[in-house]
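Side chains included, hydrogens not; waters and symmetry mates left out as well; all remaining heavy atoms used. Residue numbering restarts at 1 for every chain, and letters A, B, ... go by the order of the sequence lines.
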There are 2 protein chains.
Amino acid sequence: MLSQKTRYAIRAMQHLADNYGQGPIQLAQIAEAQNIPAKFLTTILSELSRFGIVDSQRGKDGGYRLAVSPIDITYGDLIRLMRGSLALVPCASRFAHEKCKNCLEEGDCRTRALMLEVRDRTAELLDGVRLSDRIDPVPAQVDDQD
Amino acid sequence: MLSQKTRYAIRAMQHLADNYGQGPIQLAQIAEAQNIPAKFLTTILSELSRFGIVDSQRGKDGGYRLAVSPIDITYGDLIRLMRGSLALVPCASRFAHEKCKNCLEEGDCRTRALMLEVRDRTAELLDGVRLSDRIDPVPAQVDDQD
DNA sequence: TGTATTGTCTACTTATTCAGTTGAGAATAG
DNA sequence: CTATTCTCAACTGAATAAGTAGACAATACA
C-alpha cells in the first residue's frame with residue numbers, strides 16, 4: 001500500500017499540474033482543495049521542493065509551482081520519489097535494490113522472478129501515465145468482493 | 001512492500017508444497033530450512049492453519065501439511081490472505097475495497113483508474129503462478145539502478 | 001524601514017504496525 | 001503418564017507513520 005503521505009503528495013502534484021503556468025499556488029489553497037492537513041502538507045511540499053520537482057516562492061503572493069512540465073512527470077516517478085521503490089520486495093527493486101533480510105540466497109529464491117515481473121509490469125503502467133494526462137475517473141465501486 | 005511475515009509465510013508454504021504428500025513436516029524443520037525464527041513461525045503457521053490452508057497435527061511425529069493441493073494455491077492467494085489486498089490503495093482493492101481516508105470522492109479520484117489497472121495486472125501475474133510451479137531462479141542482481 | 005505574508009526547518013509527539021517472545025495449555029503417540 | 005508437538009493470548013521493543021509546534025527566513029508592498 002502507498003502511505004498516506006505518498007497519496008497526499010500525488011494529489012498535491014496533480015493540483016499543481018492542473019494549475020501549471022498560472023503562477024504560484026499557495027499551500028493553503030492546495031490543502032483545502034485536496035483535503036490534506038495543512039501543516040502536514042508543508043512537510044510534503046518542502047520535501048518535493050528539495051527533490052527539485054517543485055519550485056517554491058516565499059512572501060506575499062508566494063506559493064508552489066511545478067519545476068518541470070507535467071508532461072515530464074509520471075506517477076511512477078512520484079511513487080519512487082516518496083516511497084523509494086515500486087517493488088513488492090527489496091530484492092525485486094531495480095533502482096533501490098537490496099537483499100531481503102533473512103531470505104535465502106538470491107540465486108535460490110523461488111519468488112524473485114515473479115516479483116521482478118510484477119515490479120516491471122507495475123512500472124510500465126505507472127510510468128506510462130503522466131501528471132498532464134487527464135484520467136477519466138472510474139465510477140465508484142459498489143460491490144465488495146481484493 | 002510485503003511484510004516480513006508475509007514473506008516468511010510464502011517460504012513456509014513453498015516448503016510444505018515441496019513436501020506435499022509426504023506426511024507432516026515439523027515446524028522446526030521448516031524454520032531451519034527457510035531461515036525463519038522458529039517462535040515467530042508458530043504464529044504464522046497457526047494463522048495459516050486457522051485460515052484452513054494448512055492442516056496441523058500435534059504430538060509426536062506431528063507437524064504441518066498443506067490442506068489443499070499446491071496446484072490450487074496461487075501466490076496471489078497467499079498475499080491476499082496475509083496482507084488483505086494486492087492493491088496499492090484501499091479504494092483499488094477488489095476483495096477488501098474501502099474508501100481511502102481523507103481522499104476526495106471516489107468519482108472525482110484522478111488515480112483510481114490507474115490504481116485499478118495496476119492491481120488487476122498484478123493479480124493476473126500473481127494468480128497465474130501456483131505453489132506447485134517450479135520457478136527458475138533469476139540470477140542474483142549485480143547492478144544497482146528501482 | 002517595517003510589517004504582513006508565505007514558505008523552511010528542526011524537533012517533537014502520538015498512534016499504529018511490525019517483528020518477535022513468553023509462557024501456559026491442549027492434543028497425540030507410545 | 002510422559003515426551004513431543006502444535007495452540008493461543010498476551011506482551012514487549014523497535015520502527016515507521018502521521019501529524020504538530022514553533023522559531024526562522026525570504027519577499028512584497030506600503
Where each residue is assigned the nucleotide of DNA chain D containing its nearest heavy atom, which of A:R7 and A:K60 is assigned the position nearer the 5′ end?
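Final value for this comparison: A:R7.
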Nearest-nucleotide wise, let me know which of A:Q57 and A:A38 is further upstream toward the 5' end of DNA chain D.
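Nearest-nucleotide comparison on DNA chain D picks A:A38.
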I want to check one thing: is the phosphate of [N], taken as OP1 and OP2, less than 4.0 Å away from some side-chain N or O of [X]?
{"X": "A:K101", "N": "C:dG20", "value": "yes"}
{"X": "B:Y8", "N": "C:dA19", "value": "no"}
{"X": "B:T42", "N": "D:dC8", "value": "no"}

Could you state the [atom1]-[atom2] distance from [X] to [N], rounded to the nearest angstrom?
{"X": "B:D55", "N": "C:dA27", "atom1": "CG", "atom2": "C1'", "answer": "15 Å"}
{"X": "A:F51", "N": "C:dT8", "atom1": "CZ", "atom2": "C1'", "answer": "15 Å"}
{"X": "B:D61", "N": "C:dA27", "atom1": "CG", "atom2": "C1'", "answer": "14 Å"}
{"X": "A:R83", "N": "D:dT16", "atom1": "CZ", "atom2": "P", "answer": "15 Å"}
{"X": "B:I44", "N": "D:dT7", "atom1": "CD1", "atom2": "P", "answer": "13 Å"}
{"X": "A:F40", "N": "C:dA15", "atom1": "CZ", "atom2": "P", "answer": "16 Å"}
{"X": "A:M1", "N": "C:dT17", "atom1": "CE", "atom2": "C1'", "answer": "14 Å"}
{"X": "B:Q29", "N": "D:dT5", "atom1": "CD", "atom2": "C1'", "answer": "14 Å"}

Return yes when atom CD of B:Q29 has more than 12 non-hydrogen atoms of other residues, nucleotides or ligands closer than 6.0 Å, and no otherwise.
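Atom CD in B:Q29 is packed in, count exceeds 12.
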For a 4.5 angstrom cut-off between non-hydrogen side-chain atoms, does [X] reach [Y]?
{"X": "B:C100", "Y": "B:V89", "value": "yes"}
{"X": "B:I10", "Y": "B:L2", "value": "yes"}
{"X": "A:R65", "Y": "A:V54", "value": "no"}
{"X": "B:N102", "Y": "A:I36", "value": "no"}

Checking contacts here: which listed nucleotide ([options]) is nearest the side-chain heavy atoms of [X]?
{"X": "B:S49", "options": "D:dT20, D:dT7, D:dG19", "result": "D:dT7"}
{"X": "A:R50", "options": "C:dC9, C:dT6, C:dT21", "result": "C:dC9"}
{"X": "A:Q4", "options": "D:dA28, D:dA18, C:dC9", "result": "D:dA18"}
{"X": "B:S3", "options": "C:dA19, D:dT20, D:dT7", "result": "C:dA19"}
{"X": "A:S46", "options": "D:dT7, C:dC9, C:dG20", "result": "C:dC9"}
{"X": "B:K5", "options": "C:dT8, D:dC6, C:dA19", "result": "C:dA19"}
{"X": "B:R58", "options": "D:dT20, D:dT7, C:dT8", "result": "D:dT7"}
{"X": "B:Q26", "options": "C:dT21, D:dT7, D:dT5", "result": "D:dT5"}

A:L86 CG to A:T122 OG1 distance, which is reported to the nearest 0.5 Å
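Spacing of CG (A:L86) from OG1 (A:T122) equals 7.0 Å.
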What's A:L27 touching, base or sugar-phosphate or nothing? Going by heavy atoms closer than 4.0 Å.
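The residue A:L27 makes sugar-phosphate contact but no base contact.
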Considering only heavy atoms and no angle criterion, is a donor-acceptor pair shorter than 3.5 Å present between the side chain of A:K39 and the base of D:dG22?
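When only heavy-atom distances are counted, A:K39 does reach the base of D:dG22 through a donor-acceptor pair under 3.5 Å.
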